[in-house]
Amino acid sequence: MPLTIAIDGPVGAGKSTISDEVARRLGILHLDTGAMYRAVGLATLKAGIDPRNEEAVCDLCEKGGAQVDVRYENGAQMTLLNGEDVSGQIRTQEAGSAASSVSRYVPVRKMLVKRQQEMAAHQPMLLDGRDICTVVLPHAKVKIFLTASAEARAQRRMEQLREKGDMTPFEEVLREVNARDLQDTTRALDPLRKADDAHLVDSSNLTFEETIQAILNLVEESYGK
Ligand code: DC
């Protein structure tokens, strides 16, 4: 079995940037599975469908109107929707909450989980998401639940938004973080939860580098040097 690292955690825990850096240092590819759900969310918005309309979303997927693919260019993930590179378009708040809605539906999850498992079966990879340790790769050798307090996550999220010129106030970002947590942890299908055998990494009081080191130490413990 190729080297596989599974990382789950709530929104804003820094999963994407941390995962990117850990994968880079280990010389393996990083699959940001949230990007795939965001692409399906974006597909509904582009098609003028309400992402909370289960029937319409499932119909779109079944008719092949939300084909998600992932490619790598110089190690960086490129997310494609129906052949179009949507890596930039999926990074809006709107696409994020559409993703959270569509990720509740069985056909969406089935389609994406299958693709993620196929990719991880063929090459060493680090996958991050909400259900990687519990559903996608339950037998991964390294399983991590990366989290931080809601306030710390909202603060980091707000700083990211500021960099893009988005001045959304802290209270609103915190409300959004709490709403996403509630939706992701209470959905009926594969809700976000820490797998019993996953290591907990709480980055609330850790720097970026300390968080990277904590994860690399866990990888080393499992695979040796
Ligand atoms: O990590 P993110 O914010 O890009 O994820 C967007 C949404 O996709 C998130 O609200 C929940 C969903 N998601 C999921 O259900 N399962 C995953 N493995 C990854 C993301």
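Remember, it's 1-based here, ligands and their atoms both numbered in the order they're listed.
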- Is a salt bridge present between Arg24 and Asp20, judged by a nitrogen-to-oxygen distance below 4.0 Å? no

Do any N or O atoms from the side chain of Asp85 and from the backbone of Leu80 form a donor-acceptor pair under 3.5 angstrom?
no

Within the heavy-atom cut-off of under 4.0 Å, ligand 1 is lined by Thr33, Gly34, Tyr37, Arg38, Ala99, Ser100, Ser103, Arg109, Gly129, Arg130, Asp131, Arg180, Asp184, Arg187

_Any salt bridge linking Asp166 with Lys164? Criterion: basic side-chain nitrogen under 4.0 Å from a carboxylate oxygen._
no

When rounded to the nearest 0.5 Å, the distance separating CD of Gln77 from OG of Ser19 is 10.5 Å

Donor-acceptor under 3.5 Å (Arg187 side chain, Asp190 main chain)
yes

Exercise. Donor-acceptor pair, Arg115 side chain versus Lys110 backbone, under 3.5 Å?
Worked result: no

